[in-house]
Every structure is written in C-alpha cells, then in structure tokens.
Amino acid sequence: MPGAAPHRTRSGRSCGARDQGRCVRCGAEEDLQFDHIIPVAKGGGNAMDNIQILCADCNRQKSDSIV
Ligand SMILES: [Zn+2]
C-alpha cells in the first residue's frame, strides 16, 4: 500500500543541522548539499567548521570556478 508510509521528514525543515538550513551563498532552502569549504584532498577535515551548505546550483558553480 504505497503512499501511506508514516514518514514526515521530507519537509526540508528541522533536519538537525545547527544554524544551517539554507545555502550560504544565495540563501536557497532547496536542493541543499553539504560542501567541504577546504576540500578533503587539500587537507580539509570533516569537522562541522569545514562544512558549509550550498544549494545544488551554487555547488555546481563553485566546482566549475575552481581552476
Ligand atoms: Zn545557492
């Protein structure tokens, strides 16, 4: 019986991230992704202070702009 699952965690809010929940660049609240401020390959860690929230668009733009 699909469609009757008692899940209510897809609303996009209260996902547990501390002061985050929107893109740090444009403020979008959809399609958010965790992004390493300093890439792990360049010595960045997985601590929260090296993690920022970007929306899919900004994350893509950031990737494209790294030369
Ligand atoms: Zn954005």
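Both ligands and their constituent atoms are indexed starting at 1 by order of listing. Numbering of residues begins at 1 and proceeds along the displayed sequence.
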### Task
Report the distance from atom CG of Leu32 to atom SG of Cys58, rounding to the nearest 0.5 Å.
10.0 Å

### Query
Taking only residues two or more places apart in sequence or in another chain, which ones pass side chain to side chain donor-acceptor pair (under 3.5 Å) with Asp31?
none

### From Leu54 atom CG to Lys62 atom NZ, the distance as rounded to the nearest 0.5 Å
6.5 Å

### Query
Mind checking what makes side chain to side chain donor-acceptor pair (under 3.5 Å) contact with Asn59, not counting sequence neighbours?
Gln33

### Query
Quick one: how many protein N/O/S atoms are under 2.8 Å away from the Zn ion (ligand 1)?
4

### Summary
The reported gap from CG in Asp35 to CD1 in Ile53 (rounded to nearest 0.5 angstrom) is 9.0 Å

### Query
Roughly how far, to the nearest 0.5 Å, is SG of Cys55 from CD of Gln61?
7.5 Å

